[in-house]
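Below is one structure, written out as structure tokens; comments come after it.
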Amino acid sequence: MPALSNRLIAAWAWLAGLGGLAALIAAGVGQGVPRRAAGAAILVLAVLKARVILARYLDLDRARAWLSGFGWAVTLWAALVLGLYLV
Amino acid sequence: MSDAASGSALDDLPGELLMWVLIVSELLVFGAGLVAFMAVRLTDPAGFAAAQDHLFRAGAALNTMVLVSSGFLAAQALRWREAGARGAARWALVAAAALGVVFLIIKGAEYAAKSADGIGWDTHAFFTFYYLLTGFHAAHVVAGVVLLMLVAWRDAVANIQAVAMFWHMVDLVWVLLYPVIYLLA
């Protein structure tokens, strides 16, 4: 088998780790983790996961201006969702 | 702005421009759907929380792992095909498609459990959005599995790149949909 891409392996590891962390935070809401802080953390982790997919899987780290634009769009969307969650 | 100047920014995008148009369109549709979900939630937060407790969060977390692993295989397949390793690329595409099927099996089990509990799309507004958004996403997974198998057969680099981009879009939508529907308590 040809060699695996270290950059893709790192991206997969980040996605797995961030996804696991989000699930752990959500599971902790009934056990002492503040609901509102957990919601904010979960959405921040979602933005980070989206950024990893955009940068590494979709190769936007070769087009930094586009990566920044997509990153801002996802961040603004998450801020809107968080605002609706915290109302 | 001259045509050359406007073209140069778009030329920076990897892959086909039309695939990026599709990706942006899908993100807008799902993004708007999830914002609408959160807005309707304001009318009955207790009802939405009670409905969300019926979801199988562990299954959705597992499906996140399945989908990001499948995305890894699709991205790796493109790298291998570009390097001339056609056989490895084909197997990676078949494995990516197989993981897509695993995602659908877990999703199907989730839907079956809801049905067994007497929960349908009209049980509560939460489930209307739940079935609409996760069902539309699952339809994209079905399309992606078919396309991955197709390019495992017709394995030109451009074909694999276009389908891998579609598959990463499905992945991207899921990492935004999953926390809003399943995790925001």
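Numbers restart at 1 for each chain; the letters A, B, ... are given by sequence-line order, proteins then strands.
Among A/Val47, A/Leu8, A/Leu4, the residue with the largest count of heavy-atom pairs under 4.5 Å with chain B is A/Leu8. Heavy-atom pairs under 4.5 Å with chain A peak, among B/Val24, B/Val180, B/Leu42, B/Leu184, at B/Leu184. Note: B/Gly71 leads B/Ala88, B/Pro179, B/Gly71 in heavy-atom pairs under 4.5 Å with chain A. Most heavy-atom pairs under 4.5 Å with chain B, from the set A/Ile42, A/Leu18, A/Ile25: that is A/Ile42.
Closest approach of B/Leu176 to A/Ala46, counting heavy atoms only: CD2-O, 4.2 Å.
Of the atoms belonging to A/Leu67, not a single heavy atom falls under 4.5 Å from chain B. Proximity to chain B (any heavy atom under 4.5 Å) is shown, for A/Ala78, by neither the backbone nor the side chain. At a 4.5 Å heavy-atom cutoff, A/Val52 makes no contact with chain B through either its backbone or its side chain. Proximity to chain B (any heavy atom under 4.5 Å) is shown, for A/Leu84, by both the backbone and the side chain. Contact of A/Ala16 with chain B is made through backbone and side chain together, with heavy-atom distances under 4.5 Å.
Under the 4.5 Å side-chain criterion, counting only non-hydrogen atoms from C-beta, A/Leu58 is in contact with B/Ile23.
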Could you list each N or O donor-acceptor pair linking chain A to chain B at a distance under 3.5 Å?
residue, atom, partner, partner atom, Å
A/Ala3, O, B/Trp80, NE1, 2.9
A/Ser5, N, B/Gln76, OE1, 2.8
A/Trp12, NE1, B/Ser69, OG, 2.8
A/Arg35, NH1, B/Ala185, O, 3.4
A/Arg56, O, B/Arg79, NH2, 3.4
A/Tyr57, O, B/His168, NE2, 3.3
A/Tyr57, OH, B/Val68, O, 2.8
A/Tyr57, OH, B/Phe72, N, 3.4
A/Asp59, OD1, B/Arg79, NH2, 2.8
A/Trp66, NE1, B/Ala9, O, 2.8
A/Trp77, NE1, B/Gly31, O, 3.2
A/Tyr85, OH, B/Ala185, O, 2.7

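For residues 28-35 of chain B, the interface with chain A (any heavy-atom pair closer than 4.5 Å) comprises B/Gly31, B/Leu34, B/Val35, sorted by residue number.
B/Leu104 and B/Ile106 fall within the same hydrophobic cluster, where Ile, Leu, Val, Met, Phe, Trp and Tyr residues are linked whenever their side-chain heavy atoms come under 4.5 Å apart, directly or through other members. Linking ILVMFWY residues whenever their side-chain heavy atoms come closer than 4.5 Å, directly or via other members, places B/Leu27 and B/Leu13 in the same cluster.
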